[in-house]
Each structure stands twice: as C-alpha cells, then as structure tokens.
Amino acid sequence: SASADPATATKASPAKRAPPVAASPPPAAPSAVQIAQGVQAFYEKTAGFQAAFTQVVKKKGLKKGITRKGMAWLMKGGKTATGEARNGRMRWDYPSEEVYYFSDGDVLWSYERRERLAIRVPVTRSRLYQATTYLVGDGALSSDFAMKVVDSPLPSTWALELVPKDGTQVMRSLTLVVDRATFAVRGSVLIDPLGDSTTLLFEGVQHGPIDDKVFEWSPPKGVTVKRL
C-alpha cells in the first residue's frame, strides 16, 4: 500500500493540558502572643539547659564588637526533696578568660580567677540573668513585656522583641530568636538603657536534668569579695 503523504496526513490533536494547581498559601506566621506562649510551654516542660555560646557585646563609640565564648548550664526552679521551693539556677563559664558566673536565683556571683576577685550582685541588677531568666522558667513573658514580632537574623526562626512594661535599669529591650519547629530559643539580643547590645547565640544545645554540683560555688579562701 502507498505510504502516507506527510503533507496530507491528518495532524494529531494536541493533548489537553491539565489546569494548573493553585499553590498552597504559606502558613500564617504566629502572633507575638502565640510565640511567647510557645516559648513558655517549651521551657516549662524542660528541666535543664546546657549549651556552648558565643556572646558579642557592641558598645557605642566602638567600631568592633567584643566577642566572648563559653559554656552555660541552666536549671529550672521547682521543689527540693523536702518540698521547699527553689529558684532557677545558672552557671556561665568563660574558660579562656577564667571568668565564671553562678546564680541561685537570688544572687549572682561573678568570679575572676586571675584577679582573685568575687563580686556578689542581686539578680535583679544582672543583665545576664535578666536576659536568660526565661530559660529557667522564671517570669511570664506576656504579662512582663510588651511584645511584637520583628525581622529575625537567623533562618527558620522567628524574632520576638520584648520591652519591659515596668521600667528597668537593666534593659531597654530583649529580642528572642525562636526556632520555628520547637519554640526553643536559639539566641537573644539585649539592648541596655544606653543603647549598647549583647547578642547570645547558642550551639550544641542539650535539654535535661543537670547535677546540682554544677551550680555549687562559694568564694575560695584568699579571694577579695565585693558586694554590689
């Protein structure tokens, strides 16, 4: 039989394309209150927190920030074996500087080993304590602060800016950098009343109980003690 003439052959009908599928809208970002509730809920169920950290302090008039590194241990408050209430506790080590901080929730001790100096400060006057008190379950974010969501410096996080409702000599604002999946805090930025900033970024975070001995400390003999 004769072969079909390409010029007169019937053209195949073009295949019908499926209508485009509408893209799902991105999930709505939570409100500031929802983020605060997520952070509180995460740390209320977390007994302890330990991590390596990088701290960057930027002061007005200085072009370059001051970077410090160390390890932190924080333990949530609760009841002792005898039923007594106990505050949250903290320990911050800066090994390269031989500087250490210990807190029982009422008092913060700083110990400078090279200088043989120990300083005792109420936690209400400590920027370090106030910037991380949420990690030990102290305070209520939504009642203590005015809150808003701001741009975050890290991917896959939200940033929650907190401004104290009552005046404080310790901070102008505190911004928490919050993991979107877990509501764990991955970092923070504290702005003090002078406009200087202290940024904390956590790495290698572990959650769980911490031995009480980690937080036990008293000034060694021969050390100068100052009370502020």
Mind listing the closest non-hydrogen atom pair of Arg180 and Thr157 along with its distance? NE-O, 3.2 Å
Answer yes or no: is there a side-chain heavy-atom contact under 4.5 Å between Phe202 and Phe49? yes
Measure across Asp211 and Lys213 and return the closest heavy-atom pair with its distance rounded to 0.1 Å. OD1-N, 2.9 Å
Atom of Val223, atom of Ala118 and distance for their closest heavy-atom approach: CG1-N, 3.6 Å
If you count heavy atoms of other groups shown closer than 6.0 angstrom to CD of Glu203, is the number above 12? no
Trp158, Tyr43, Phe42 screened by ring pair (Phe, Tyr, Trp, His ring centres under 6.0 Å) with Phe183, the one that passes: Trp158
ILVMFWY network linking Val225 to Tyr100, side-chain heavy atoms under 4.5 angstrom: yes
Looking at His207 and Thr46, what are the two nearest heavy atoms and their distance? CD2-CG2, 3.5 Å
Identify every side-chain donor-acceptor pair in residues 51-71 under 3.5 Å, counting partners at least two apart or on other chains, and give the distances.
{"from": "Thr54", "atom 1": "OG1", "to": "Lys69", "atom 2": "NZ", "distance (Å)": "2.9"}
{"from": "Gln55", "atom 1": "OE1", "to": "Tyr94", "atom 2": "OH", "distance (Å)": "3.2"}
{"from": "Gln55", "atom 1": "NE2", "to": "Tyr94", "atom 2": "OH", "distance (Å)": "3.4"}
{"from": "Lys60", "atom 1": "NZ", "to": "Leu194", "atom 2": "O", "distance (Å)": "3.4"}
{"from": "Arg68", "atom 1": "NE", "to": "Glu97", "atom 2": "OE1", "distance (Å)": "3.2"}
{"from": "Arg68", "atom 1": "NE", "to": "Glu97", "atom 2": "OE2", "distance (Å)": "3.0"}
{"from": "Arg68", "atom 1": "NH2", "to": "Glu97", "atom 2": "OE1", "distance (Å)": "2.9"}

Is there a path of hydrophobic side-chain contacts, each under 4.5 Å between heavy atoms of I/L/V/M/F/W/Y residues, joining Val123 to Phe215? no
Quick check for you: to the nearest 0.5 Å, what is the distance between Glu115 atom CD and Thr224 atom OG1? 10.0 Å
Residues Lys45 and Lys76: closest non-hydrogen pair is N-NZ, 4.0 Å
Please report the closest heavy-atom contact between Ala159 and Thr175, naming both atoms and the distance. CB-CG2, 4.0 Å
pair Asp104-Trp217: side-chain heavy atoms closer than 4.5 Å: no
With clusters defined by side-chain heavy atoms of hydrophobic residues (ILVMFWY) lying less than 4.5 Å apart, directly or transitively, does Met147 cluster with Val163? no
Rounding to 0.5 Å, atoms CG (Leu74) and CZ (Arg91) come to a distance of 12.0 Å
